[in-house]
Structure formats: C-alpha cells, structure tokens
Amino acid sequence: MKFFHLSDLHIGKQLNGYSLKENQEAVLNQIVNYAVTEKPDVILICGDIYDKTAPSAEAYTLFGGFLNALSMIQPQPSVLIIAGNHDSPERLSYAGSFLEKHSIHLSVMPPQNQDEYLKKVVLSDQYGPVNFYLLPFLKPGYVRNLFPDSQPEGYENAIKEVLAREAIDTRERNVLLSHQFYTGGSTDPETCESEQAVIIAGGLDRVNVSVLPPFDYVALGHLHGPQKVSTDWIRYCGTPFKYSISEEHHRKGITVIEMGAKGELPALEVLPLGGIQDVRRERGTLKEVLSRANEKNRHDFVSVTLTDEDEPYRIREQLKEVYDYLLELKVDNVRTREKMMEEEERVSVLNPLEAFQQFYKAVSGEEMTKEAYGAMEKIVQEAKEEEGL
C-alpha cells in the first residue's frame, strides 16, 4: 500500500504581511499532479490544515479546490485528515459526513466520552488490512472525561493512556496519524522560527516516542522541518512550503511510504515540492547584495543583512527597487555589535517562572525544590492555555 504523508499546509498564512496564496496554490497543484502519476492509495494530512482557527473564505476555497481535485483522480485515493493546534475542530469538521462519502475522512477531536475511541479507517491491499488510527492534536484537558478515577498528568501520559484504550492488533499493519511535539531519547527534534511560538516553554508538551505502541509507521505533523524521530518510521514530513526565513535550507517535499507485508520495512521516498518563489537570505555590503539580484531571484522573499560600516543613503528604498519582497533588513557591523553587547549587559526581563523563583527565594530563603518548580510550571502553562497563549 502506498501513501503520501503531508502535514502543516497552513493555508491562508502570510509571510511578514505578504500573501502566500499563489505559492500555496502552486504547491497543492504539484501534490495533485504527483497523485495522478504516483497513484497513492491514501493521502495522509496530519494537522494544521489552516493557519488560523477562523480561516478566510479564500483559504476555504483553496483547500476545497484541493480536495475536489484529489476526488477526481482515478483510482481515487482515500484522504485521511486530522486537526492540528492551528485548526478549529468545529470549522474543520464542517460537512464531514458528506466528505466521508467521497473517501475523505476527518478526525478533529480525540475521544471525549468513555464509549468513544480514536477514529479508525481500515483499508486493504494484497497483503491484508492496514489500520489507520487518527489522533488529532490533544491537550490533557481534552480527555479528562475518559479517565474519571485517575486522570493522566501531562501531554505524554495523556497520549499514552488514550492509545492504551485502543485494541491494536499487532499482527496486522498499523499506522498512526498524530500532531504533537514528539521527542526521542534525550534529543529534541529540530525546530524553526515558524513553529517555536506554539511549542510550550518548559517542555510540558513533549511526548517521548517510547510511549507509542509498535506502529508500523507513525505519520507526524506539527514541526516544519522534515525529519525522523528515533527511527525512520516515526517521521515529521515537514511543511510543503517555506513559512519562515529559518526554513531557508529545508528541502520541502511529499514523504511517500510504500508498505509491503507485515514485518517488512516500508520503502521511503521524497518527492520534491517548491513554490513559485523562494524564501532566502542575502548578506553583504549594499553594493554586493544589489549586484547579486537577477530576473530569476529578485522576486523571492528575501531577508537582507548589510555589513557596510558606513550606512549608505536610502538603504531600504534601494533594496526595494531591486527586490520585490523584502522581508526584513538587518545591519551587522561594529556599531550594531557594540550596541548589542551593551543591551545584553542590561537586566533582562524575567519570564513568569524565573520571577517566581526569585520571589520564592526572597521570601523563604531557600531555592525551590524540583517538585515545587514542576507544580508552578503546570500552573503557568494552564494560565497560558486559558488565555489562549
């Protein structure tokens, strides 16, 4: 069985105020074209379909057109979709029963009541069934009703306990779709600017992959860089387009998995994707940066760092005459480095946990214990969640 692994489409996203509609449309069209030629049996979309919980009409239209194009392919692939942390479950689930008639299956919330379980889609090939378990983005509070007697603490235990409720037949091939921050051992996955704002301070949202049952493949969403977590068969596929300058060197693509019989290692391939514009950096003197512009690259989204010691006249205006989409302008010279060193010597603003640590020591005369720190960390995070931070 062959399937495409996609995630984090972030339809409707802007880059420093610039619309990405044309780039997203180009990338989605490439995915459809690959589906026509590669003929996958299934297409997995592992969360963050939209960039905002209240997408624009334009974003709805773009995604709707993408699903319609996939439904026209013969043979028609099944499409399995889970909600990510950017998605509104209510909005994403609209017309879910209608879509299911067209082999498009949605799961927007984890089980809420004790008689509910993860959405499971079973597809078959010449080797028998493949069981796809759909686990949308989960916060511990979402599943409190499942465990009235002993509620799991933290993200990791919540994921572990939710999966433990499932009757997973390990004699068959099983695939998990999940949208969380998974780690392996002592090493955190690579992150970038575009997703760091939603990764929780203190690591409370980290889920170690050791809590996962023995799935034959785990299709992850949430992180924007394509990468494995501990093993080749637990993977983030990454975004289909570059959504920040920190993704400059990412190689975007579709992760293609082909599963044989149970016990055989899946085959893995990446099909390249690219928008009509690149996202990249330029560094050097103003003269050097301007001289490198040509008709092919001047329309890219560009972050510029100038190294001139003497500030040239009308920098921004000169750059905008050559580069159509200037994301940011930085200056790196002796003056700016000295200023940065001065600012680093000033007293930094403490985050809530650091401030409470200092307050605790001032009042009690002792350092906070590990247990007290952990309790305060939970309180701070719960307050952030209630405020939607």
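All values below were derived from every heavy atom in this structure, side-chain atoms included, with hydrogens, water molecules and symmetry-related copies excluded.
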Under-4.0 Å salt bridge between [X] and [Y]:
X	Y	result
Lys2	Glu38	yes
Asp188	Arg206	yes
Glu166	Lys120	no
Arg283	Asp332	yes
Glu248	Arg280	no
Arg173	Asp125	yes

- Message: Side-chain heavy atoms nearer than 4.5 Å, only ILVMFWY residues, links allowed to pass through others: does that put Leu306 and Ile245 together?
- Response: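 Cluster IDs for Leu306 and Ile245 differ.
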- Query: Can you hop from Met109 to Phe147 via hydrophobic side chains spaced under 4.5 Å?
  - Reply: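 Same hydrophobic cluster.
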- Query: Does NZ or CZ of Arg165 lie under 6.0 Å from the centre of the six-membered ring of Tyr117, at an angle within 45° of the ring axis?
  - Reply: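 The answer is yes, since Arg165 meets both limits relative to Tyr117.
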- Task: For Pro77 and Leu70, work out which heavy atoms get closest and say how close.
- Result: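 In this case the closest contact between Pro77 and Leu70 is CD-O, 3.7 Å.
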Quick one about [Y] and [X] (side-chain donor to acceptor, distance below 3.5 Å, no hydrogens or angles considered), yes or no?
X	Y	value
His179	Asn85	yes
Gln180	Ser178	no
Asn23	Gln277	yes
Gln76	Ser71	no
Asn131	Glu172	yes
Lys330	Ser303	no

- After noting the C-alpha distance and the side-chain angles of Thr305 and Glu282, does the key distance pass the side chain to side chain donor-acceptor pair (under 3.5 Å) rule? CA-CA 6 Å; Thr305 300; Glu282 283 284 357; over 6 Å; no
- Could you walk me through whether Tyr60 and Tyr50 pass ring pair (Phe, Tyr, Trp, His ring centres under 6.0 Å), step by step? CA-CA 8 Å; Tyr60 276 122; Tyr50 299 109; 5.2 Å; yes
- Task: Decide yes or no on ring pair (Phe, Tyr, Trp, His ring centres under 6.0 Å) for His250 and His224, but give the supporting numbers first.
- Result: CA-CA 9 Å; His250 286 187; His224 290 191; 8.3 Å; no
- May I ask you to list the residues sharing a hydrophobic cluster with Leu265, side-chain cutoff 4.5 Å, ordered by chain and number?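 Traced through the cluster, Leu265 reaches Met1, Phe3, Val42, Leu44, Leu80, Ile82, Val121, Leu123, Val130, Phe132, Leu134, Val175, Leu177, Tyr217, Trp233, Ile257, Met259, Leu268, Val270.
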